[in-house]
Amino acid sequence: MDTEQVITRFPPSPTGTLHIGGARTALFNWLFARQHHGKFILRIEDTDKVRSTKENTESIIESLKWLGLDWDEGPYFQSQRTKIYYEMIEKLLSSGKAYYCHCSPEELEKKRIEAIKKGLKPKYDGKCRDLGLGKAPGAVVRLKSPLTGKTIFKDLVKGTISIENEQLDDLILQRSDGSFTYNFAVVVDDSNLGINYVIRGDDHVNNTPRQILIYKALDEPIPQYAHLPMILGRDKAPLSKRHGATSVMAFKDMGFLPHALLNSLARLGWSHGDQEIFTKQELIDLFSLEHVGKSAGIFNMEKLLDLNAKYIREENDSTLADLLLPFLSQLGCKDLPREKVKCAVKTLKARSKTLLEMAQRALFYFQEIDYEQQADEKFLLPDVLYILEDLLLDIKGATSFDQKNLENIFSTLLERHQIKLGTIAQPLRVALTGKTVSPGIFEIMEVMGQEMVVKRLSNAILHIKSKKGP
RNA sequence: GGUCCCAUCGUCUAGCGGUCCAGGACGCCGGCCUCUCACGCCGGUAACACGGGUUCGAGUCCCGUUGGGACUACCA
């Protein structure tokens with residue numbers, strides 16, 4: 001009975017797409033809810049009519065789905081919940097916890113500037129606080145917050161935080177145009193939806209006391225708070241657009257596996273001893289707010305890359321082939337035979353950090369090749385011509401084309417010419433792929449198949465001959 | 001300016017007074033493996049911001065300094 005159900009929430013604002021900071025906040029809320037068999041609610045904070053877009057909302061939802069962070073309720077839209085806000089404003093007004101203020105923005109701005117000039121805190125002077133003013137055009141509703149005392153709360157990651165109430169001013173709850181401010185809407189929504197754990201970014205710590213005051217005025221239970229440290233860019237500045245691709249969808253497009261991103265996000269700020277790799281279930285079981293660090297961190301791209309490579313290596317070929325197809329298609333290879341893609345994947349999974357990289361490396365299997373200039377100059381030389389010609393004969397005569405048989409063909413060829421594999425491996429590699437780097441030559445020949453190998457080898461031979469010139 | 005928060009290798013971090021001349025991971029540098037590149041394996045590089053306390057003993061507790069960040073809006 002004492003175990004109240006845990007209810008968390010993720011409230012993105014559709015003024016932009018979901019970036020990794022938001023994604024981590026969502027992840028921690030999701031983990032916490034899942035671990036406690038509670039509820040995770042999605043709420044879209046679209047009260048900023050000017051900057052919010054439908055596209056962003058859709059993109060955020062798509063990102064969350066891609067990451068596999070499913071929600072139990074919502075998405076709720078703040079823009080559709082105004083009725084509740086009106087009711088709560090009424091409640092505060094009638095109980096004397098809030099009041100109308102007739103001060104004009106201009107008047108306030110003037111006072112602000114004067115206060116700053118005098119070195120004072122630029123807060124509202126409480127002019128209309130006890131005037132008992134009524135509703136009027138241009139009036140706003142302010143919270144009548146306590147002038148003395150302290151507001152204290154126990155943050156689950158930062159510890160006890162306290163602030164003198166005199167530092168806080170009578171903040172506006174409802175604007176003169178009738179719309180509601182962020183701090184008010186959040187409290188009303190969280191309270192209304194039964195949110196009892198608020199896990200959010202560090203940038204909200206200073207808002208928390210203000211929000212607690214609203215809860216108190218509303219006479220509603222105050223949730224538990226956990227403030228996560230910020231994620232910084234390379235330059236140690238808070239993450240923003242100028243740090244390049246930070247949106248979750250950009251990571252998808254770069255060829256990252258959702259779980260790799262999730263794992264890497266989880267380890268930014270949270271830790272479980274020395275463990276680096278976690279399955280989703282482990283994350284759910286082991287996550288703990290107590291082990292969330294207090295200091296901001298820089299997102300480590302190299303580490304993500306490494307994790308992604310690890311997960312690619314461990315993923316099965318068939319799944320990878322499905323994931324790879326769209327990337328290949330993007331690069332101009334459409335309608336490929338899935339089986340062949342799967343074989344290609346097998347040769348490339350240990351050497352690709354992202355799906356995009358894998359697709360690029362796989363291109364020679366599916367597209368006409370060009371010789372890289374340096375590779376051509378260094379390896380496609382007349383002195384290996386006779387070996388390649390001899391090899392071509394063997395290849396043409398091969399009755400089966402699996403790796404085992406290819407290796408046999410080669411060992412007799414090497415024997416016959418008294419050479420080592422090393423002498424023809426690179427020329428052959430360039431002949432077949434156009435590059436000096438590729439999976440093992442027996443692997444790629446098997447995947448390419450006899451016909452393609454014959455063709456590329458013949459082309460290379462002609463190419464070398466043409467070089468000898470007249 | 002005021003208020004609040006933060007501070008261990010380049011980066012992410014372990015560390016909840018002695019087991020730490022500080023451990024793991026990524027990166028980087030060597031080596032092994034080897035048909036190239038990877039993978040894998042082995043080894044190396046590198047940090048408790050500074051100054052005072054408290055204590056028999058401090059990376060770990062307290063205070064200060066310095067340096068970061070957040071908030072201070074009729075933005076969210």
Side-chain angles (χ1 to χ4, degrees), chain A residues 11-16 45-48 50-52 78 101 103-105 108-109 112 115-123 138-142 155 158-159 161-164 166-169 171-177 179-183 185-186 201-210 227 229-230 232 234 236-238 264 267-277 290-291 293-307 309-310 313 348-353 361 375 379 410 420-430 433 435-442:
Chain A
S13 171
T15 51
E45 310 222 320
D46 57 348
T47 49
D48 187 339
V50 201
R51 295 189 300 152
S52 297
Q78 273 191 331
C101 167
C103 297
S104 69
L108 262 19
E109 186 57 24
R112 270 175 60 83
I116 292 171
K117 223 189 294 182
K118 279 191 231 161
L120 269 65
K121 182 177 170 60
K123 64 178 244 186
V140 299
V141 176
R142 283 183 187 272
D155 190 284
K158 303 225 176 245
I161 293 174
S162 85
I163 183 165
E164 301 286 340
E166 64 172 329
Q167 294 295 331
L168 278 14
D169 56 0
L171 78 178
I172 292 173
L173 306 176
Q174 184 176 19
R175 303 185 188 101
S176 52
D177 67 356
S179 64
F180 303 90
T181 58
Y182 165 75
N183 280 306
V186 185
D202 223 349
D203 47 342
H204 288 287
V205 253
N206 292 298
N207 279 325
T208 307
R210 298 172 224 282
H227 287 97
M230 304 268 82
L232 274 23
R234 275 224 165 283
K236 299 198 175 198
S264 137
R267 281 290 288 105
L268 214 195
W270 172 78
S271 64
H272 180 70
D274 285 339
Q275 190 170 346
E276 298 283 350
I277 312 275
E290 275 177 55
H291 287 95
K294 295 180 181 181
S295 51
I298 297 171
F299 183 73
N300 194 277
M301 192 65 172
E302 281 69 42
K303 208 161 171 172
L304 202 217
L305 242 13
D306 178 71
L307 259 182
K310 279 194 171 76
R313 261 175 261 140
L348 291 164
K349 61 195 287 192
R351 18 175 79 80
S352 309
K353 288 185 190 293
R361 287 178 188 276
F379 295 112
F410 271 76
K420 287 187 172 176
L421 217 213
T423 30
I424 55 159
Q426 283 303 80
L428 180 57
R429 191 183 314 280
V430 177
T433 71
K435 301 180 187 356
T436 55
V437 173
S438 85
I441 49 174
F442 301 123

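Chain naming here is simple, since letters A, B, ... match the order of the sequence lines and numbering starts at 1 in each. For the numbers below, each heavy atom of this structure counts, side chains included, while hydrogens, waters and symmetry mates do not. Computed from a predicted structure; not experimentally measured.
- Judged by distance alone, the side chain of E45(A) and the main-chain N or O of Q78(A) form no donor-acceptor pair under 3.5 Å.
- Taking atom P on both C39(B) and G31(B), the two are 16 Å apart, rounded to the nearest angstrom.
- A salt bridge does not link E166(A) to K123(A): none of the charged nitrogens lies less than 4.0 Å from a carboxylate oxygen.
- With R361(A) contributing its side chain and R351(A) its backbone, the two residues share a donor-acceptor pair below 3.5 Å.
- Remark: the separation of the P atoms in G52(B) and G59(B) is 14 Å, to the nearest Å.
- Counting to the nearest Å, the C1' atom of A14(B) and the NE2 atom of H291(A) are 9 Å from each other.
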So which protein N/O to nucleotides 38-43 of chain B N/O distances come out below 3.5 Å?
unit_1: A38(B); atom_1: O2'; unit_2: A350(A); atom_2: O; d: 2.6
unit_1: C39(B); atom_1: O3'; unit_2: R313(A); atom_2: NH1; d: 3.2
unit_1: G40(B); atom_1: OP1; unit_2: R313(A); atom_2: NH1; d: 2.9

Protein-nucleotides 59-64 of chain B N/O pairs closer than 3.5 Å?
none

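- The partner of G43(B) is C29(B), judged by Watson-Crick or G-U wobble contacts that both fall below 3.5 Å.
- C101(A) comes within contact range of no nucleotide atom at all, as no heavy-atom separation falls under 4.0 Å.
- As judged by a 4.0 angstrom heavy-atom cut-off over every strand, I163(A) is placed among residues touching the sugar-phosphate backbone only.
- Contacts of L268(A) with the nucleic acid, taken as non-hydrogen atoms under 4.0 Å apart, involve only primed sugar atoms and P, OP1 or OP2.
- Not a single donor-acceptor contact under 3.5 angstrom links the side-chain atoms of K158(A) to the base of C5(B).
- H204(A) is listed as a side-chain neighbour of H227(A), based on a closest heavy-atom distance under 4.5 Å.
- The side chain of N300(A) approaches U11(B) more closely than any other nucleotide in the set C6(B), U11(B), C35(B).
- When each of F180(A) and D169(A) is assigned the nucleotide of RNA chain B bearing its nearest heavy atom, the one mapping closer to the 5' terminus is D169(A).
- Using N1 to N3 plus N6-O4 or O6-N4 for Watson-Crick, or N1-O2 and O6-N3 for G-U wobble, each under 3.5 Å, A7(B) pairs with U66(B).
- Listed here is the closest heavy atom pair of A350(A) and R313(A): CA-CG, 3.9 Å.
- Counting only heavy atoms from C-beta on, S176(A) has its side chain closest to C74(B) among C35(B), C74(B), G2(B).
- Residue contacts for P439(A): at a heavy-atom cut-off of 4.0 Å it reaches a base atom on one of the strands shown.
- Using a 4.0 Å cut-off between charged nitrogen and carboxylate oxygen, D202(A) and K158(A) count as a salt-bridge pair.
- With both ends at atom P, the span from A38(B) to U19(B) equals 41 Å, rounded to whole Å.
- Counting heavy atoms from C-beta outward, L307(A) and R267(A) have side chains that stay 4.5 Å or more apart.
- A side-chain donor-acceptor contact under 3.5 Å links R429(A) to the backbone of P439(A).
- Residue I161(A) has its side chain nearest to C5(B) when only U11(B), C5(B), U36(B) are considered.
- Across all strands, G201(A) comes closer than 4.0 Å to no nucleic acid atom at all (heavy-atom distances).
- The distance from the CD atom of Q167(A) to the CZ atom of R210(A) is 9.5 Å, given to the nearest 0.5 Å.
- Remark: P of A73(B) and CG of L168(A) are 11 Å apart, rounded to the nearest angstrom.
- In summary, the side chains of T181(A) and N183(A) do not present any donor paired with an acceptor at a separation below 3.5 Å, with no hydrogens or angles considered.
- Across all strands shown, U60(B) forms no Watson-Crick or G-U wobble pair with both key distances under 3.5 Å.
- In the set C26(B), C35(B), U13(B), C26(B) carries the atom at the smallest distance from any side-chain atom of E302(A).
- The two residues F379(A) and P427(A) come nearest to each other via the heavy atoms O-CB, 3.6 Å.
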Under 3.5 Å, N/O pairs linking protein and nucleotides 67-71 of chain B:
unit_1: A70(B); atom_1: O2'; unit_2: D203(A); atom_2: O; d: 3.3
unit_1: A70(B); atom_1: N3; unit_2: N206(A); atom_2: ND2; d: 3.0
unit_1: C71(B); atom_1: O4'; unit_2: N206(A); atom_2: ND2; d: 3.2
unit_1: C71(B); atom_1: O2'; unit_2: R210(A); atom_2: NH2; d: 2.9

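- A58(B) and G51(B) are spaced 14 Å apart, taking the P atom of each and rounding to whole Å.
- C21(B): no Watson-Crick or G-U partner with both key distances under 3.5 Å is found in any strand.
- In this structure, H272(A) atom NE2 and G15(B) atom P are separated by 10 Å, rounded to whole Å.
- The residue I172(A) sits close to a base: some heavy atom pair falls under 4.0 Å.
- At distances below 3.5 Å, not a single donor-acceptor pair connects side-chain atoms of D46(A) with backbone N or O atoms of P14(A).
- An OP1 or OP2 oxygen of A14(B) is reached within less than 4.0 angstrom by a side-chain nitrogen or oxygen of S271(A).
- E290(A) has its CD atom 15 Å from the C1' atom of G15(B), to the nearest Å.
- Remark: C1' of U11(B) and CZ of F299(A) are 12 Å apart, rounded to the nearest angstrom.
- Note on K294(A): a side-chain N or O is less than 4.0 Å away from OP1 or OP2 of C6(B).
- The shortest heavy-atom contact between C103(A) and L108(A) is CB-CD1, 3.6 Å.
- Rounded to whole Å, the separation between the C1' atoms of C6(B) and A46(B) comes to 23 Å.
- Nucleotide C35(B) has no partner under the Watson-Crick or G-U criteria, as no pair reaches both atom distances under 3.5 Å.
- Nucleotides G44(B) and A22(B) place their P atoms 13 Å apart, quoted to the nearest Å.
- Comparing G273(A) and T47(A) along RNA chain B, the residue whose closest nucleotide (by nearest heavy atom) sits nearer the 5' end is G273(A).
- What separates CD1 of I298(A) from P of C12(B) is a distance of 5 Å, to the nearest Å.
- Rounded to a whole angstrom, the distance from the C1' atom of A73(B) to that of C28(B) is 47 Å.
- Distance check on atom C1': A14(B) versus U54(B) gives 26 Å, rounded to whole Å.
- F442(A) has its CZ atom 14 Å from the P atom of U34(B), to the nearest Å.
- Atoms CD (E166(A)) and P (G2(B)) sit 14 Å apart, rounded to a whole Å.
- Side-chain nitrogen and oxygen atoms of T181(A) include none within less than 4.0 Å of the OP1 or OP2 phosphate oxygen of A73(B).
- Heavy atoms of S295(A) sit under 4.0 angstrom from primed sugar atoms or phosphate atoms, though from no base atom.
- In summary, of the residues considered (L171(A), N207(A), D48(A), T47(A)), a side-chain contact (heavy atoms from CB on, under 4.5 Å) with Y182(A) occurs for N207(A) alone.
- Ion pairing between R234(A) and E302(A) holds under the 4.0 Å rule for side-chain N and carboxylate O.
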- Kindly indicate, with the supporting measurements, whether the criterion side-chain contact (heavy atoms from CB on, under 4.5 Å) is fulfilled by I161(A) and T208(A). CA-CA 10 Å; I161(A) 293 174; T208(A) 307; over 6 Å; no
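- If you check every strand for non-hydrogen atoms under 4.0 Å, Q167(A) touches sugar and phosphate atoms only.
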